[in-house]
Amino acid sequence: MTMLTKWATTAVWVLSWILVNPCEAKYSLGVRDSLMIAHSFHNHPSFGPAGGMHGATYTCDVEFICDALNPGTNWVLDIGMASEVLAKVLSKYNLKNLDEIFGDELTTTEFMARRIHEDICSRLGKVFRGDLCVKLWESHKAWASYTGAIGSD
């Protein structure tokens with residue numbers, strides 16, 4: 001196989017992949033807040049020393065993603081509303097012991113990202129339609145996230 005044939009074969013494959021998997025353009029709006037919690041993993045052996053009671057400070061990034069801007073305002077969502085809703089949702093957990101809220105549930109960062117997602121959906125599901133990504137940062141090096149649809153037809 002000549003170099004030109006290899007290049008042509010590769011080019012055909014890339015173009016066919018692009019046609020089958022087009023890059024869909026999206027708009028997004030992000031807001032950020034933080035919360036401090038206490039919790040344990042109920043001495044589950046998989047968590048080592050973190051199995052006992054400890055504290056965590058999370059940075060919470062929320063991203064609202066949609067296909068088109070709101071035609072009346074030319075925005076994804078009112079940034080003030082998004083910030084207020086995030087603050088209100090996080091206030092349910094801020095400075096709280098999650099063991100007292102969720103009982104025996106293992107309140108991992110992934111679990112909390114999903115709960116925050118659900119809480120935001122319950123408040124904005126009639127106002128915003130698209131995808132919502134909640135990312136909880138445990139540190140500048142580690143995070144967990146949950147992404148899912150928000151809004152109804």
What's the separation between atom OG1 in Thr59 and atom NE2 in His140, rounded to the nearest 0.5 Å? 11.5 Å
Hydrophobic cluster mates of Trp143, side-chain heavy atoms under 4.5 angstrom, ILVMFWY only, any path? Trp137
Pairs satisfying salt bridge (charged side-chain N to carboxylate O under 4.0 Å, His left out), at least one member in residues 83-99, at least two apart: Lys92-Asp119
So if you build clusters from Ile, Leu, Val, Met, Phe, Trp, Tyr with side-chain heavy-atom gaps below 4.5 Å, do Val89 and Leu29 land together? yes
What's the verdict on side chain to side chain contact (heavy atoms under 4.5 Å, CB included) for Leu90 and Ile116, showing C-alpha distance, side-chain angles and the deciding distance? CA-CA 7 Å; Leu90 296 184; Ile116 293 166; 3.7 Å; yes
Step by step, work out the side chain to side chain contact (heavy atoms under 4.5 Å, CB included) result for Leu86 and Ile120. CA-CA 7 Å; Leu86 178 58; Ile120 292 171; 4.2 Å; yes
Side-chain heavy atoms under 4.5 angstrom apart, residues restricted to Ile, Leu, Val, Met, Phe, Trp, Tyr: same cluster for Leu69 and Val127? yes
Is a donor on one side and an acceptor on the other found under 3.5 Å between the side chain of His117 and the backbone of Val62? no
Any heavy-atom pair between the side chains of Tyr27 and Asp67 that's under 4.5 Å? no
Summary of salt bridge (charged side-chain N to carboxylate O under 4.0 Å, His left out) pairs that have at least one residue in residues 46-56, sequence neighbours excluded: none
Heavy-atom closest pair, residues Asp131 and Ile150: C-CG2, 4.1 Å
Please table the atom pairs, donor to acceptor, closer than 3.5 Å between any side-chain atom in residues 76-83 and protein atoms at least two apart or in another chain.
from: Asp78; atom 1: OD1; to: Gly80; atom 2: N; distance (Å): 2.8
from: Asp78; atom 1: OD1; to: Met81; atom 2: N; distance (Å): 3.3
from: Ser83; atom 1: OG; to: Ile79; atom 2: O; distance (Å): 3.0

Can you name the nearest heavy-atom pair linking Cys60 to Leu136, along with the distance? CB-CD2, 3.6 Å
Heavy-atom pair with the smallest gap, counting every atom of Ser40 and Gly51: CB-O, 3.5 Å
Closest non-hydrogen contact found for Lys135 with Ser145 is CA-CB, 3.9 Å
Please state whether the rings of Phe41 and His54 are parallel, tilted or perpendicular, taking 30° and 60° as the class boundaries. tilted
Using the test salt bridge (charged side-chain N to carboxylate O under 4.0 Å, His left out), find all partners of Asp61 that sit at least two apart in sequence or belong to another chain. Arg32
In the hydrophobic cluster built from side-chain contacts under 4.5 Å, what are the other members alongside Leu95? Met36
For a 4.5 angstrom cut-off between non-hydrogen side-chain atoms, does Leu124 reach Phe64? yes
Kindly determine whether Arg114 and Glu118 satisfy salt bridge (Lys or Arg N to Asp or Glu O under 4.0 Å), including the steps that lead there. CA-CA 6 Å; Arg114 187 184 82 231; Glu118 291 167 355; 3.2 Å; yes
Using a 3.5 Å distance criterion without hydrogens, assess whether the side chain of His39 forms a donor-acceptor pair with backbone atoms of Ala56. no
Backbone N/O of Ser46 and side chain of His44: donor-acceptor pair under 3.5 Å: yes
Any side-chain heavy-atom pair from Thr147 and Leu132 closer than 4.5 angstrom? no
Please walk me through it: do Asn97 and Glu100 pass side chain to side chain contact (heavy atoms under 4.5 Å, CB included)? CA-CA 6 Å; Asn97 179 348; Glu100 295 173 2; 3.8 Å; yes
Straight-line distance of Thr107 OG1 to Met112 CE, nearest 0.5 Å: 7.0 Å
Please find the pair of heavy atoms, one from Cys66 and one from Ala68, that lie closest to each other, and give the distance. SG-O, 3.2 Å
Is Asn70 close to Phe128 at the side-chain level, that is, under 4.5 Å between some pair of heavy atoms? no
Quick check: do Arg115 and Phe102 have side-chain heavy atoms less than 4.5 Å from each other? yes
Ring centroids only, cut at 6.0 angstrom: are Tyr146 and Phe111 within range, meaning strictly under it? no
